[in-house]
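Indexing begins at 1, ligand by ligand and atom by atom, following the structure's order. Just so you know, residue 1 is the first one in the sequence shown, and it goes up from there.
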Amino acid sequence: MAVRGHDEVWPRPGSCRVIGVANQKGGVGKTTTTVNIAAALAMHGQRVLVVDLDPQGNASTALGMERDNQTRSIYHCLVEDEEIRKLAQPVPGIPDLWCAPATIDLAGAEIELVSLVAREARLKRAFAAYDTSELDYILIDCPPSLGLLTVNAMVACDEVMIPIQCEYYALEGLGQLLRNVELVQSHLNPGLAVSTILLTMYDGRTRLSQQVAEEVRSHFGDTVLETLIPRSVRVSEAPSYGQSVMTYDPGSTGAVAYLEAAREIAHRAQGVRT
Ligand code: ADP
Ligand code: MG
């Protein structure tokens, strides 16, 4: 399959868009979406930072981050006020893409954060101390829970992107997620909005996938990207090579779909920001 528009440069947003990729369900494609949308944006002229906020560190692994027990991670940023600039690392093979990695210390952060001042706004503070005029996008990969780490993401971002897996029970828990977004909106971050819903792991051969896609579109209308991400073996193989599918197999159906989804996101930016 031909790879379309690889040297095309997409319009840059007027100021850095901070997007939290959230869904408290595990295995719905949050990390895969974060990594591949980030890579696709960076490959089209955008300067992108991925923040790995999941203690499991899957996004860091997928982006080829080297980590050992000396590695400074987003944990040190949240708990010890370390500057993001000092811990972000360039992603090998993709210019203009950086990652602030997660290490296993982050597993304790949910508890350690409880006793800190402004515990919900630690990440926002870290972004405020960073010169985000050097970036076009920050994508935050959230853990599969609605705890303090996800709340930190929602306080620090302008937009929430929700990946929804085209499977049975896909919509279960979505109400709770949306209520959490509303709570953060009314108490901590009035500018927060669910800007984007992305349907993932779509299998066009099954009625179920089609039904889920239709149901999500009828509920959420234009918030849902036109592009569906198909189930693709190449997408699931890429992380074990420390790569996004965008570099691992750019012509695969999964890579082409993520490229299209990223293009939609980049072009939607124009109306959103001034
Ligand atoms: P989450 O971060 O929400 O837990 P992941 O992005 O880690 O979800 O995805 C869960 C699993 O599904 C991973 O093994 C991933 O490789 C696989 N996966 C995600 N998207 C696809 C896809 N489009 N096709 C095939 N496998 C996928
Ligand atoms: Mg994940």
Side-chain angles (χ1 to χ4, degrees), residues 1 19-40 50-65 67 73-74 99-104 106-107 109-110 139-147 149-150 152-154 160-174 176-177 180 196-206 208-210 212-213 216 224-262:
M1 187 184 275
I19 306 178
V21 181
N23 188 332
Q24 77 275 26
K25 282 176 76 135
V28 300
K30 288 181 292 297
T31 300
T32 307
T33 295
T34 304
V35 163
N36 290 303
I37 297 285
V50 169
V51 172
D52 189 353
L53 213 52
D54 185 346
Q56 294 181 68
N58 296 144
S60 308
T61 305
L63 292 173
M65 295 292 104
R67 280 157 295 159
S73 78
I74 202 71
C99 176
T103 49
I104 195 63
L106 200 55
E110 292 272 5
L139 267 62
I140 310 169
D141 186 25
C142 291
S145 74
L146 292 170
L149 288 171
T150 297
N152 261 272
M154 288 186 183
V160 176
M161 169 154 64
I162 305 176
I164 295 181
Q165 187 184 3
C166 296
E167 291 289 349
Y168 200 53
Y169 296 133
L171 302 180
E172 203 181 61
L174 207 56
Q176 200 190 352
L177 175 58
N180 272 261
T196 312
I197 291 177
L198 178 62
L199 294 162
T200 64
M201 293 181 247
Y202 182 78
D203 183 349
R205 296 167 305 180
T206 68
L208 180 61
S209 261
Q210 294 170 16
V212 171
V216 171
V224 189
L225 295 183
E226 296 282 333
T227 310
L228 293 157
I229 307 300
R231 237 178 219 294
S232 146
V233 177
R234 307 304 263 170
V235 168
S236 57
E237 284 172 358
S240 55
Y241 296 88
Q243 287 190 46
S244 72
V245 77
M246 311 311 297
T247 50
Y248 173 65
D249 188 354
S252 62
T253 54
V256 171
Y258 269 117
L259 181 80
E260 284 305 319

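The shell of residues lying under 4.0 angstrom from ligand 1, judged by heavy atoms, includes Ile229.
If you check the side chains of Ser236 and Arg231, you find no donor sitting under 3.5 Å from an acceptor. Residues Ser209 and Asp203 bring no donor and acceptor atom of their side chains to less than 3.5 Å of each other. Tyr258 and Thr33 form a side-chain donor-acceptor contact under 3.5 Å, judged by distance and modelled atom types alone.
Protein heavy atom closest to atom 23 (N) of ligand 1, with residue, atom name and distance, is Pro230 O, 2.9 Å. Nearest protein heavy-atom neighbour of atom 7 (O) of ligand 1: Thr31 CB, 4.0 Å. Ranking the protein heavy atoms by distance from atom 24 (N) of ligand 1 puts Ser232 N, 2.8 Å first. Scanning the protein for heavy atoms near atom 26 (N) of ligand 1, the closest one is Ser236 CB, 3.6 Å. The protein heavy atom nearest to atom 8 (O) of ligand 1 is Gly29 N, 3.0 Å. Protein heavy atom in closest approach to atom 9 (O) of ligand 1: Thr32 OG1, 3.7 Å. In this structure, the protein non-hydrogen atom closest to atom 10 (C) of ligand 1 is Gly27 CA, 3.6 Å.
For Lys30, a nitrogen or oxygen atom sits less than 3.5 Å from a nitrogen or oxygen atom of ligand 1, counting backbone and side chain alike. Between Val28 and ligand 1, an N or O atom pair is found at a separation short of 3.5 Å. Between Val235 and ligand 1, a contact under 3.5 Å exists for no N or O pair.
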Inset, instruction - Given side-chain contact (heavy atoms from CB on, under 4.5 Å), test Leu139 with Val51 step by step and report yes or no. - result: CA-CA 6 Å; Leu139 267 62; Val51 172; over 6 Å; no

Inset, instruction - Begin from the C-alpha positions of Val28 and Ile164 and carry the test side-chain contact (heavy atoms from CB on, under 4.5 Å) through to its verdict. - result: CA-CA 6 Å; Val28 300; Ile164 295 181; over 6 Å; no

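The distance from atom CG of Asn23 to atom CE of Met161, rounded to the nearest 0.5 Å, is 12.0 Å. Rounding to the nearest 0.5 Å gives a distance of 8.5 Å between OG of Ser145 and CD of Gln24. Between the CG atom in Leu228 and the CE atom in Met201 there is a gap of 13.0 Å [rounded to 0.5 Å]. How far CE of Met154 is from SG of Cys142: 6.5 Å, rounded to the nearest 0.5 Å.
For atom 19 (C) of ligand 1, the protein comes within 4.0 Å by at least one heavy atom. Within the 4.0 Å cut-off (strictly below), no protein heavy atom is located near atom 14 (O) of ligand 1.
Checking Gln165, Met201, Gln24 against atom 27 (C) of ligand 1, the nearest heavy atom belongs to Met201.
Here Thr31 reaches the Mg ion (ligand 2): one of its N/O/S atoms is less than 2.8 Å from the metal.
The Gly26 neighbourhood of ligand 1 comprises atoms 4 (O), with distances under 4.0 Å to a heavy atom of that residue.
Side chains of Gln165 and Tyr202 form no contact here, defined as non-hydrogen atoms less than 4.5 Å apart.
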